[in-house]
Amino acid sequence: MKKSIVWLASYPKSGNTWTRVFLANYLANQDKPLSINQVRHFALGDAIAKTYKMVSKGQVDLNDYKSVLRYRNAVLQGIVSNNADVNFVKTHNYCGKAFDVELIPDQYTRSAIYILRNPLDVVLSFARHFGRDIDNAVEIMSHPDHVTQPDDSTVFQFLGSWGNHVRSWEVERRFPMLLLRYEDLQSNPEENFSKILKHIGVPIEENRLAKAVEFSSFKELRKQEDDSGFIEKSPKADKFFAKGTSGQWKTELPGNLAKKLRKENRKLMKKYGYIE
């Protein structure tokens, strides 16, 4: 069995979907943008309830942590069983153990790509996506044991706090790791998306790269969502692709909440250029 999983990892609302759309367009290499609703065929999620129901023959209890974790290994085994060289898998889980179960097991992992975004902007997108007020979103992002709740389509995801999530991935040494900032992908997409292609061993073709960047632009993604909807949109949000810009926190995040997030994550934010 090959170590074929390339994890596309991030804290929620940090650019994971954008990265997947870019990769899908680059690999598909079509003459028009790929439908955003086809992206799931290029990168499976590790929290799809349907796969847990399938491997457990309907025995999994989606409302019980330990029941879900009991079948996680089988779900990942199923992903790598196609014997492909690379299987892209989206995850929002932190890189560690939950109830003694390794969430990101080395035996299936080829490498990982982690997308990092300023938590002051993340919290605004997080609040919109999950239908929370901003105060509550700050509390969630600060909780060391935060776990997302399951629904009909998604199982538990073990996040922890924003800072713990970032640290869990940045210190990983069991497999090759590429960490990129969302803001750098925005400011220089061709240079930074090229790093992803190099990381996964895909030849870089300049025209194809430029086309994939254009086809995954925020303008294109929002147009597609307006025209056809997006199956990954939360039922609690009006839009999945709402703004996609950086620095929204300067006008939208109350000062006391920005101060709280800075205080809790000062070292990490300074390390990655979010605090001067």
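Worth knowing before you read on, the calculation uses all heavy atoms, side chains too, and leaves out hydrogens, waters and symmetry mates. Starting from 1, each residue takes its place in the sequence as its number.
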Taking ring pair (Phe, Tyr, Trp, His ring centres under 6.0 Å) as the definition, give me every residue that meets it alongside Y65, ordered by chain and number, with sequence neighbours left out.
F99, F156, F158
Backbone N or O of [Y] within a donor-acceptor pair of the [X] side chain at under 3.5 Å?
{"X": "T51", "Y": "I48", "result": "yes"}
{"X": "S217", "Y": "E214", "result": "yes"}
{"X": "T109", "Y": "S111", "result": "no"}
{"X": "N265", "Y": "L268", "result": "no"}

Roughly how far, to the nearest 0.5 Å, is the [atom2] atom of [Y] from the [atom1] atom of [X]?
{"X": "K211", "Y": "E205", "atom1": "NZ", "atom2": "CD", "answer": "9.0 Å"}
{"X": "R20", "Y": "L44", "atom1": "CZ", "atom2": "CG", "answer": "10.0 Å"}
{"X": "K97", "Y": "L69", "atom1": "NZ", "atom2": "CG", "answer": "12.5 Å"}
{"X": "K259", "Y": "E264", "atom1": "NZ", "atom2": "CD", "answer": "12.5 Å"}
{"X": "N192", "Y": "Q186", "atom1": "CG", "atom2": "CD", "answer": "11.0 Å"}
{"X": "L159", "Y": "N93", "atom1": "CG", "atom2": "CG", "answer": "7.0 Å"}

Crowding at [atom1], [X] (>12 non-hydrogen neighbours, <6.0 Å):
{"X": "K2", "atom1": "NZ", "answer": "yes"}
{"X": "N256", "atom1": "CG", "answer": "yes"}
{"X": "N83", "atom1": "CG", "answer": "yes"}

Assess whether side-chain contact (heavy atoms from CB on, under 4.5 Å) is satisfied between E102 and N73, documenting all intermediate values.
CA-CA 9 Å; E102 189 67 64; N73 188 66; over 6 Å; no
Heavy-atom pair of closest approach, residues [X] and [Y]:
{"X": "M269", "Y": "L261", "value": "SD-O, 4.0 Å"}
{"X": "A137", "Y": "V123", "value": "CB-CG2, 3.6 Å"}
{"X": "G160", "Y": "Y11", "value": "O-CE1, 4.0 Å"}
{"X": "A49", "Y": "V155", "value": "CA-CG1, 3.8 Å"}
{"X": "P105", "Y": "W7", "value": "CD-CZ2, 4.5 Å"}
{"X": "Q149", "Y": "V147", "value": "NE2-O, 3.5 Å"}

In a check of ring-ring contact (aromatic ring centres under 6.0 Å, His included) between F22 and each of F88, F42, F193, which one passes?
F193
Salt-bridge contact [X]-[Y] (side-chain N to carboxylate O under 4.0 Å):
{"X": "R128", "Y": "E252", "result": "yes"}
{"X": "R72", "Y": "D46", "result": "yes"}
{"X": "K13", "Y": "D121", "result": "no"}

Who pairs with [X] by side-chain contact (heavy atoms from CB on, under 4.5 Å), at least two apart in sequence or on another chain?
{"X": "S153", "answer": "D151"}
{"X": "S194", "answer": "I204, L209"}
{"X": "N87", "answer": "S4, I79, N82, A84"}
{"X": "S187", "answer": "D184"}

Could you go through the side-chain contact (heavy atoms from CB on, under 4.5 Å) check for I104 and F175 one step at a time?
CA-CA 11 Å; I104 312 296; F175 41 78; 3.9 Å; yes
Is a side-chain donor-acceptor pair under 3.5 Å present for [Y] with [X]?
{"X": "S216", "Y": "N25", "value": "no"}
{"X": "Q157", "Y": "Y94", "value": "no"}
{"X": "S10", "Y": "N16", "value": "yes"}

Run the numbers on D135 and E139 for side-chain contact (heavy atoms from CB on, under 4.5 Å), then give the verdict.
CA-CA 6 Å; D135 295 67; E139 290 301 318; 5.9 Å; no
Kindly work out whether a path of hydrophobic side-chain contacts (I/L/V/M/F/W/Y, heavy atoms less than 4.5 Å apart) joins M54 to V68.
no
Do you reckon F215 sits in the same ILVMFWY cluster as L23, going by side-chain contacts under 4.5 Å, direct or chained?
no
Would you say the side chain of [Y] lies within less than 4.5 Å of the side chain of [X], judging by non-hydrogen atoms?
{"X": "T19", "Y": "L185", "answer": "yes"}
{"X": "S14", "Y": "Y182", "answer": "no"}
{"X": "P150", "Y": "N63", "answer": "yes"}
{"X": "N118", "Y": "E183", "answer": "yes"}
{"X": "I5", "Y": "L76", "answer": "yes"}
{"X": "I113", "Y": "I200", "answer": "yes"}
{"X": "R262", "Y": "L120", "answer": "yes"}
{"X": "K263", "Y": "K260", "answer": "no"}

Listing request: all side-chain hydrogen bond (donor to acceptor under 3.5 Å, both in side chains) pairs with a residue in residues 158-175, at least two apart in sequence or in separate chains.
Y114-H165, S161-N164, N164-R167, E170-K271, E170-Y272, E172-R174
Between R208 and Y26, is NZ or CZ placed under 6.0 angstrom from the six-membered ring centre and within 45° of the ring axis?
yes
Would R110 and D85 count as a salt bridge (Lys or Arg N to Asp or Glu O under 4.0 Å) here? Give the steps.
CA-CA 9 Å; R110 177 183 176 119; D85 290 330; 5.3 Å; no
